[in-house]
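Here is the naming used below: chain letters follow the sequence lines, and residue numbers restart at 1 for every chain.
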Amino acid sequence: MDLLELSEQEIIRRESLKELRSLGIEPYPAALFPVNTNTVTIKDNYKPEENNFQEVVIAGRIMSRRIMGKAAFAELQDSEGKIQIYVNRDELCPGEDKTLYNTVFKRLLDIGDIIGVKGYAFVTQVGEKSIKVTELTILSKSIRPLPIVKEKEGKVYDAFTDPEQRYRQRYLDLIVNPDVKDTFIKRSKIINTMRNMFNERGYLEVETPILQSIPGGASARPFITHHNALNIPLYLRIANELYLKRLIVGGFDGVYEFAKDFRNEGMDRTHNPEFTVMEIYVAYKDYNWMMDFTEEMIERVAMALHGTTEVTVGDKTINFKAPFKRITMFDAIKEHTNIDISNMNEDELRKTCKELGVEIDDTMGKGKLVDEIFGEKCEGNYIQPTFITDYPIEMSPLCKRHRSNPELTERFELMVNGKELCNAYSELNDPIDQMGRFQDQLKLSEKGDDEAMFIDTDFVKSLEYAMPPTSGMGIGIDRLAMLMTNSPSIQDVLFFPQMRPEKKNDADSNSKFLELGIPEEWVSLVKKAGFTTIDKLKEANPNKLHQTICGLNKKHKLELQNPSADDVRAWLA
RNA sequence: GAUUCAGUAGCUCAGCUGGUAGAGCACAUCACUUUUAAUGAUGGGGUCCUGGGUUCGAACCCCAGCUGAAUCACCA
């Protein structure tokens with residue numbers, strides 16, 4: 001790294017690093033550090049009258065410092081929280097040599113450094129539980145300044161808020177914005193709660209292929225890649241449904257997977273190109289059973305996270321207490337439009353869409369028309385958890401026909417806060433019907449629907465060996481996490497949301513500058529002056545370049561022998 | 001994809017009608033033994049996102065681009 005590319009603060013920290021080493025202190029020691037407790041345990045359990053926590057060893061990052069002469073306070077942050085430490089010169093350095101306090105602690109350490117301390121708990125005059133430090137070890141020196149966030153009485157000053165920096169440098173976000181950590185701890189708890197419930201019931205957690213030669217199980221545009229050895233295209237999965245159902249054919253009674261799926265579509269507040277879905281399939285069940293199972297699961301998640309079924313989401317309170325409201329799709333449309341579409345044919349549906357002002361196009365079949373009406377007129381109204389049931393058959397090519405109406409399917413979606421959260425079926429296990437439905441998808445595809453499903457003949461073959469009656473359910477984990485943590489954007493529940501790559505530094509390599517006869521020690525100065533490429537340099541005014549780089553030499557006290565104006569002209573010739 | 005807004009010091013942000021680049025925190029030096037957004041004094045720190053244009057003169061006006069955000073559209 002070129003010193004001239006660094007800010008003043010970074011240079012000072014690098015010099016501190018050298019000075020530490022010259023004092024015989026390794027800023028990145030190899031040995032373990034024997035931590036015996038943590039900040040929050042001390043804060044929660046220290047009682048001065050019990051005189052406990054009198055030999056504590058903790059480690060963490062220095063988040064603030066208040067130095068006054070022979071005494072200093074600092075805040076140490078570990079994975080659990082923060083605690084104040086008190087460093088007194090004569091307690092840290094009982095002998096004659098006060099270097100560790102005067103030089104190392106006061107001057108060479110910075111906010112952001114990771115240190116270990118040994119000491120004992122006490123309460124300061126203003127009543128704050130603190131650790132008096134008797135030994136101090138540098139564990140890792142930070143050479144880049146951290147964003148400084150200050151806080152007083154719950155009010156945050158100079159918060160680190162720029163979304164671009166927060167997402168690109170999530171580690172900084174986690175260090176300085178403690179609530180962020182909490183969101184991800186909750187996310188993990190959601191998954192664990194679900195996993196525990198499934199395991200209690202004896203269902204098996206499985207893994208299925210992410211690279212698939214036919215991207216099946218959903219309607220979406222896939223990412224495509226290439227396998228060199230096989231010389232075939234492979235797709236990143238858009239769903240894992242067809243593989244999990246093969247496992248039910250294979251004889252497992254319950255299988256589930258927390259899966260990353262990938263869809264090559266737009267990105268916005270609720271869509272990331274890769275996202276997490278949990279899908280579960282249980283043999284000998286139907287979608288009515290699955291509704292009971294789903295509401296129990298979600299209620300349990302809410303209780304595990306919040307200790308109550310009521311969760312605040314934006315300006316709304318959502319109650320996840322089971323049972324949830326259940327309504328058929330046709331009844332939902334009737335409720336919100338006063339129109340009964342249950343007996344309409346395709347032309348009548350088109351007419352109805354026009355009357356309702358729902359935008360449609362010629363590629364849409366009957367199912368898609370119904371879906372459009374629902375999406376436009378109903379979906380947003382279901383704030384409290386609501387099961388929408390019995391979808392038209394055209395929209396659900398993997399779902400079993402309704403037991404009492406062959407135009408419909410035994411399908412439900414769970415709507416919460418106006419958005420779809422779960423999708424579930426009594427799974428289609430009639431292989432001949434399944435093949436016919438795939439062929440209908442092919443027709444839709446020929447009609448221009450670029451999201452119609454591919455035919456997976458191997459999956460149909462598996463059904464021909466007989467799959468037990470099965471119910472399956474999928475739930476978007478990111479969206480569930482958004483609801484349960486009151487996060488308005490999917491980016492807030494993904495550690496590393498997809499971002500456009502940062503623009504590249506287009507500087508030419510130093511060797512190209514050397515070829516022009518520029519001495520090595522001057523190349524970085526030329527770049528610092530703004531001439532980062534040879535092309536830019538060729539257009540430079542030699543006199544101005546000469547003055548600029550000589551100025552930089554002086555300014556940064558590099559004490560190089562200045563080149564003559566003729567030398568500079570020769571570089572540009 | 002459309003529209004709007006934003007990009008200035010390590011961080012958060014000012015910057016008037018176009019006239020020498022500003023503050024707080026952070027950093028450096030000094031003072032200070034229980035502070036807590038510590039304090040006081042002094043000081044250093046800038047590719048004003050990038051590239052063009054207009055102008056005697058651009059952080060500011062115009063054009064193009066990059067990145068992000070919001071709204072809408074698309075999308076199980």
Within this structure, what is the [atom1]-to-[atom2] distance between [X] and [N], rounded to whole angstrom?
{"X": "A:Glu164", "N": "B:C66", "atom1": "CD", "atom2": "C1'", "answer": "10 Å"}
{"X": "A:Arg168", "N": "B:G7", "atom1": "CZ", "atom2": "C1'", "answer": "13 Å"}
{"X": "A:Gln165", "N": "B:A69", "atom1": "CD", "atom2": "P", "answer": "13 Å"}
{"X": "A:Met63", "N": "B:A37", "atom1": "CE", "atom2": "C1'", "answer": "14 Å"}
{"X": "A:Lys70", "N": "B:U34", "atom1": "NZ", "atom2": "P", "answer": "11 Å"}
{"X": "A:Asn177", "N": "B:C11", "atom1": "CG", "atom2": "P", "answer": "14 Å"}
{"X": "A:Gln84", "N": "B:A37", "atom1": "CD", "atom2": "C1'", "answer": "13 Å"}
{"X": "A:Arg166", "N": "B:U12", "atom1": "CZ", "atom2": "C1'", "answer": "15 Å"}

Taking all atoms of both residues into account, what is the closest heavy-atom pair of [X] and [Y], and its distance?
{"X": "A:Val123", "Y": "A:Lys129", "answer": "CG2-CG, 4.3 Å"}
{"X": "A:Lys377", "Y": "A:Asn381", "answer": "O-ND2, 3.0 Å"}
{"X": "A:Glu10", "Y": "A:Pro145", "answer": "CG-CD, 3.9 Å"}

Using atom [atom1] in both nucleotides, what's the gap between [N] and [M] to the nearest angstrom?
{"N": "B:U4", "M": "B:C27", "atom1": "C1'", "answer": "38 Å"}
{"N": "B:A73", "M": "B:C56", "atom1": "P", "answer": "48 Å"}
{"N": "B:G43", "M": "B:U36", "atom1": "P", "answer": "26 Å"}
{"N": "B:U3", "M": "B:A64", "atom1": "P", "answer": "11 Å"}
{"N": "B:G10", "M": "B:C48", "atom1": "P", "answer": "12 Å"}
{"N": "B:U8", "M": "B:C49", "atom1": "P", "answer": "6 Å"}
{"N": "B:G52", "M": "B:A58", "atom1": "C1'", "answer": "13 Å"}
{"N": "B:U33", "M": "B:A38", "atom1": "C1'", "answer": "13 Å"}

Find the partner of [N]: check Watson-Crick (N1-N3 plus N6-O4 or O6-N4) and G-U wobble (N1-O2, O6-N3) distances, both under 3.5 Å, and reply none if neither fits.
{"N": "B:U17", "result": "none"}
{"N": "B:U39", "result": "B:A31"}
{"N": "B:U47", "result": "none"}
{"N": "B:C72", "result": "B:G1"}
{"N": "B:C25", "result": "B:G10"}

Original post:
Any side-chain heavy atom of A:Phe53 sitting closer than 4.5 Å to one from A:Ile131?
Top reply: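 No, their side chains stay 4.5 Å or more apart.
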Original post:
Would you say A:Leu236 and A:Asn264 make side-chain contact, with heavy atoms under 4.5 Å?
Top reply: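 A side-chain contact is absent here, since even the closest heavy-atom pair is not under 4.5 Å.
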Checking all strands, does [X] fall into the base, sugar-phosphate, or nothing category for heavy-atom contacts under 4.0 angstrom?
{"X": "A:Ala159", "result": "sugar-phosphate"}
{"X": "A:Glu379", "result": "nothing"}
{"X": "A:Arg479", "result": "nothing"}
{"X": "A:Lys132", "result": "base"}

Less than 4.0 angstrom between a side-chain N/O of [X] and OP1 or OP2 of [N], yes or no?
{"X": "A:Gln491", "N": "B:G68", "answer": "no"}
{"X": "A:Arg500", "N": "B:U67", "answer": "yes"}
{"X": "A:Arg66", "N": "B:A38", "answer": "yes"}

Charged N-O contact under 4.0 Å between [X] and [Y]:
{"X": "A:Asp371", "Y": "A:Lys368", "value": "no"}
{"X": "A:Arg411", "Y": "A:Glu413", "value": "yes"}
{"X": "A:Asp78", "Y": "A:Arg61", "value": "no"}

For the residue pair [Y] / [X], report whether a side-chain donor-acceptor contact shorter than 3.5 Å exists.
{"X": "A:Asp492", "Y": "A:Tyr167", "answer": "yes"}
{"X": "A:Asn240", "Y": "A:Glu257", "answer": "yes"}
{"X": "A:Arg144", "Y": "A:Ser7", "answer": "no"}

**OP:** Give, ordered by number, those residues of residues 263-272 of chain A having at least one heavy-atom distance below 4.0 Å to an atom of RNA chain B; if nothing qualifies, reply none.
**Re:**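 Residues of residues 263-272 of chain A under 4.0 Å from RNA chain B: A:Arg263, A:Glu265, A:Asp268, A:Arg269, A:His271.
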Subject >> Residues within residues 421-428 of chain A bordering RNA chain B, heavy-atom distance below 4.0 Å >> reply: A:Asn423, A:Tyr425
Original post:
Which of parallel (below 30°), tilted (30 to 60°) and perpendicular (above 60°) describes A:Tyr256 and A:Phe258?
Top reply: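 Taking A:Phe258 first and then A:Tyr256, their aromatic rings stand perpendicular (interplane angle over 60°).
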Original post:
Does the cation-pi check pass for A:Lys132 over A:Tyr86, that is, NZ or CZ under 6.0 Å from the six-membered ring centre and within 45° of its axis?
Top reply: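 No - A:Lys132 does not lie over the ring of A:Tyr86 by the 6.0 Å and 45° rule.
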Original post:
Which comes earlier along RNA chain B counting from the 5' end, the contact point of A:Ser489 or that of A:Asn88, where each point is its nearest nucleotide?
Top reply: A:Asn88
Subject >> Residue whose nearest RNA chain B nucleotide is more 5′ - A:Val149 or A:Glu128 >> reply: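 It is A:Val149 whose nearest nucleotide is closer to the 5' end.
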Original post:
Pick from A:Lys400, A:His402, A:Glu410, A:Glu427: which one makes a side chain to side chain donor-acceptor pair (under 3.5 Å) with A:Tyr287?
Top reply: A:His402
Original post:
When you check every protein heavy atom under 4.0 Å of nucleotides 24-30 of chain B, what one-letter string (B, S, -) results, 5' to 3'?
Top reply: BSBSSS-
**OP:** Determine whether more than 12 heavy atoms belonging to other residues, nucleotides or ligands lie under 6.0 Å from atom NZ of A:Lys82.
**Re:** yes
Original post:
From B:A38, B:U36, B:G68, pick the nucleotide closest to the side chain of A:Thr124?
Top reply: B:U36
Subject >> Options B:A38, B:C32, B:C11, nucleotide nearest the side-chain atoms of A:Ile67 >> reply: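 So the nucleotide nearest the side chain must be B:C32.
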